[in-house]
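Read through the structure below, which is laid out as structure tokens, and then see the notes.
Quantities reported herein were computed from a predicted structural model and do not represent experimental measurements. One is the number of the first residue; the rest follow in order along the sequence.
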Amino acid sequence: MDWNKPVKFKFGGEDWEMPLSTLLLLIFLTLLLMLGGAWLGFQFGSGQL
């Protein structure tokens, strides 16, 4: 698999182009931060923090 293959997409009316590896890294970090925020919110809501 070519990790440096440019991926083109349109987001917010702008054309974007970035390597596949960078796009996957951004998606992974986004999901990780979302899960961490949900876990912290649950811990805070249950009074454990």
Residue pairs involving residues 28-39 (criterion salt bridge (charged side-chain N to carboxylate O under 4.0 Å, His left out); sequence neighbours excluded): none
CG-CG distance between Leu20 and Leu25, expressed to the nearest 0.5 angstrom: 11.0 Å
Verify same cluster id: Leu33, Leu24 (apolar side-chain graph, 4.5 Å): no
Selection residues 10-23 - residue pairs positive for salt bridge (charged side-chain N to carboxylate O under 4.0 Å, His left out), sequence neighbours left out: Lys10-Asp15
Inter- and intrachain pairs under salt bridge (charged side-chain N to carboxylate O under 4.0 Å, His left out), touching residues 40-49, at least two apart: none
Those residues that, when tested against Trp39, pass side-chain contact (heavy atoms from CB on, under 4.5 Å) (two or more places apart): Gln43
Closest non-hydrogen atom pair, Phe11 against Trp16: O-NE1, 3.4 Å
Leu23: side-chain contact (heavy atoms from CB on, under 4.5 Å) partners, not counting sequence neighbours: Val7, Phe9, Met18, Ile27
